[in-house]
Trainee: 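Provided herewith is a single structure, encoded as structure tokens, for subsequent inquiry.
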There are 2 protein chains.
Amino acid sequence: MSTSTRKAREVQARERLILRTAEAMVAERGYLGMNMDRIAEATEYSKGTIYQHFANKEEIVAALCVEGGERRVELFRRAASFDGRPRERMTAIGVSTELYLLLHPGHVQMEQLFHTESIREKTPESRLQLLFATELGCMDAVVGIVRDAVTEGDLTLPDDVAPEDVCFGLWSLTYGGQSLIAAKPHLGEVGIAEAAAALRRNQHALMDGYAWGPASHAWDYDATRRRILAETFPEEAAATGLV
Amino acid sequence: MSTSTRKAREVQARERLILRTAEAMVAERGYLGMNMDRIAEATEYSKGTIYQHFANKEEIVAALCVEGGERRVELFRRAASFDGRPRERMTAIGVSTELYLLLHPGHVQMEQLFHTESIREKTPESRLQLLFATELGCMDAVVGIVRDAVTEGDLTLPDDVAPEDVCFGLWSLTYGGQSLIAAKPHLGEVGIAEAAAALRRNQHALMDGYAWGPASHAWDYDATRRRILAETFPEEAAATGLV
DNA sequence: TGCGTCTTTGACGGATCGTCAGACTTCGAG
DNA sequence: CTCGAAGTCTGACGATCCGTCAAAGACGCA
């Protein structure tokens, strides 16, 4: 009994070691720089042992995505619990995505990689379920804010628009904006100077478009942003230098 | 002289053949299913000859992206020349992105692939320049519409918002939305039922947020959409069944 | 026809993934 | 303490695919 739990602990510890090693490799040399032989060498286990934990390279990526997803859910939950009007709390969600990108740039890159069907289709169903659970967690946190806005009277949605549709808009805008910033270093050359600031303004424009009060001209959301950084994410703000 | 042009024609024809073959392979068996040996076999040229046209596999992807980008610019130009208010013309841009996704699903997948740094960093600068030119072409068409809206008085931008920033918002929203739709078959399970329709509504919400007139509640943009499909993209609409 | 130049070829080296037969470790029963 | 079954670990190996290059071949021209 106690031996089996010791075994289990060893297995878990090894899995963590493998993931940490893989993560460092991706961060250091990119996705292609991470390969199974190197992981085996770095962890001082044989390739066969690595393959007892993960069926293939893709599953390691999937596992890292799940870990990242869990970190993200955590940030979203904290953002959603910010003390303020619903739209301020939604602003906090936006801040958390910014922080996440700064804190874990490698992970965002991996998420994108994972969206490529070629990778996704080789990962076992069980991992996909876990990943889906983290997405659901994020969605729950965000939808909750939209619903609160509706019940508090800050937001009135037309009959044919569900709270989830508003979330989908903000999700698309943020995901797309961050992807473009990451993928196109030459955004400045097409006239988009301060992409990150532009993304924030666009998020507020979208909420303005749904007439989600208080409107951006009627409220100082820059002050809200500073308050979010100071009150909800002080450590993360310091770590990323966002102040 | 005439021999050299004949040579040149042969080279061009072969390049087209290679690209068409590669495109079909990607469409049929995904990115990983496209490999140089198979291309050589299918085109009945040797691998060495293939490599005289393209330095590596990534450059083939890049070339396909350039081709796709040119097709996209073409669609954007036609959309921008739609006969109507600027916001209607911007709606036409949205329609054109929808059509493009339906007409060339494989290409959108490849664009995403290309955003992965691992691929990008292996493609020669010259191809990147061509790709950049197509992006600039798209941007020009879209920015032109925003400027027209400003000069015609339909849109008044704050001092700190450039027309490009508005474009960036719509670009992010559309790119992100289409990526999410493509990458997450389970959007329905998180409460987003009609993702494509939701994306259109979000695009209009964003424009509403910038107070770009006529507002969506003051204009029948569904009618505009039908007119765009009928007048500007009749063939494409028929081919995709969008009617 | 003969010769120099340009083109084409496909076998090969190198990298990497994933496998598997056999070596090794663990652990309980005798 | 010993032994053997069950479980674990290993790294050499087969397979795949990328990109190269020396050699064979095609072409134009005198």
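The sequence lines fix the lettering, A, B, ..., with proteins before strands; numbering per chain opens at 1. Computation of the quantities below employed the complete heavy-atom set of this structure, encompassing side-chain atoms and omitting hydrogens, waters and symmetry-equivalent molecules.
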Trainee: Round to the nearest Å and state the distance from B:Lys47 atom NZ to C:dG14 atom C1'.
Mentor: 12 Å
Trainee: Name all residues meeting the ring-ring contact (aromatic ring centres under 6.0 Å, His included) criterion together with A:Tyr175; count only those two or more places apart in sequence or in a different chain, and write none if there are none.
Mentor: A:His115
Trainee: Nearest to the side chain of A:Thr49, which nucleotide is it out of C:dA11, D:dT10, D:dG11?
Mentor: D:dT10
Trainee: Looking only at side-chain atoms of B:Tyr45, point me to the closest of C:dT9, D:dT20, D:dG11.
Mentor: C:dT9
Trainee: Return yes if some donor-acceptor pair links the side-chain N/O of A:Thr240 with the main-chain N/O of A:Ala237 below 3.5 Å, else return no.
Mentor: yes
Trainee: Using a strict threshold of under 4.0 Å (side-chain N to carboxylate O), is an ion pair present between A:Glu41 and A:Arg38?
Mentor: no
Trainee: Expressed in angstrom and rounded to an integer, what is the separation of A:Ile50 atom CD1 from D:dC9 atom P?
Mentor: 10 Å
Trainee: Does anything in residues 51-64 of chain A come within less than 4.0 Å of DNA chain C? Heavy atoms only, and list the residues if so.
Mentor: A:Tyr51, A:Asn56, A:Lys57, A:Glu58
Trainee: For the pair made of CD in B:Glu41 and P in C:dA11, what is the distance, rounded to whole Å?
Mentor: 13 Å
Trainee: Run the side-chain contact (heavy atoms from CB on, under 4.5 Å) check on A:Gln203 and A:Met90 step by step: do they pass?
Mentor: CA-CA 10 Å; A:Gln203 287 163 340; A:Met90 188 60 90; over 6 Å; no
Trainee: Starting at CG of B:Asn35 and ending at C1' of C:dT16, how long is that distance when rounded to a whole Å?
Mentor: 15 Å
Trainee: Rounded to the nearest 0.5 Å, what separates atom CD1 in A:Ile192 from atom CG in A:Leu180?
Mentor: 8.0 Å
Trainee: Using the side-chain heavy atoms of A:Arg38, tell me which of these nucleotides is nearest: D:dG19, C:dT16, C:dT9.
Mentor: C:dT16
Trainee: Going through the distances and angles, do B:Arg120 and B:Glu58 end up as a side-chain contact (heavy atoms from CB on, under 4.5 Å)?
Mentor: CA-CA 8 Å; B:Arg120 194 180 203 93; B:Glu58 283 73 23; over 6 Å; no
Trainee: Which atoms of nucleotides 21-26 of chain C (N or O only) lie under 3.5 Å from a protein N or O atom, and what are those distances?
Mentor:
none

Trainee: How close or far is atom P of D:dC9 from atom CD of A:Glu10, stated in whole angstroms?
Mentor: 8 Å
Trainee: Separation of B:Met25 atom CE from D:dC17 atom C1', in whole Å?
Mentor: 13 Å
Trainee: Using a 4.0 Å heavy-atom cut-off, does B:Asp37 contact any base of the nucleic acid, only the sugar-phosphate backbone, or nothing at all?
Mentor: base
Trainee: I need the CE-C1' distance between A:Met36 and D:dT16, as an integer number of Å.
Mentor: 16 Å
Trainee: Could you work out, with salt bridge (Lys or Arg N to Asp or Glu O under 4.0 Å) as the rule, every residue matching B:Arg201, not counting sequence neighbours?
Mentor: A:Asp160, A:Asp165
Trainee: Which residues pass the side chain to side chain donor-acceptor pair (under 3.5 Å) test with B:Glu74, not counting sequence neighbours?
Mentor: none
Trainee: Kindly point out which of C:dG18, D:dG11, D:dC18 is positioned nearest to the side chain of A:Lys122?
Mentor: C:dG18
Trainee: Would you kindly give the CZ-to-P distance between B:Arg29 and D:dT16, to the nearest whole Å?
Mentor: 12 Å
Trainee: Check ring-ring contact (aromatic ring centres under 6.0 Å, His included) between B:Tyr100 and all other residues, then give those that pass, not counting sequence neighbours.
Mentor: B:His104, B:His107
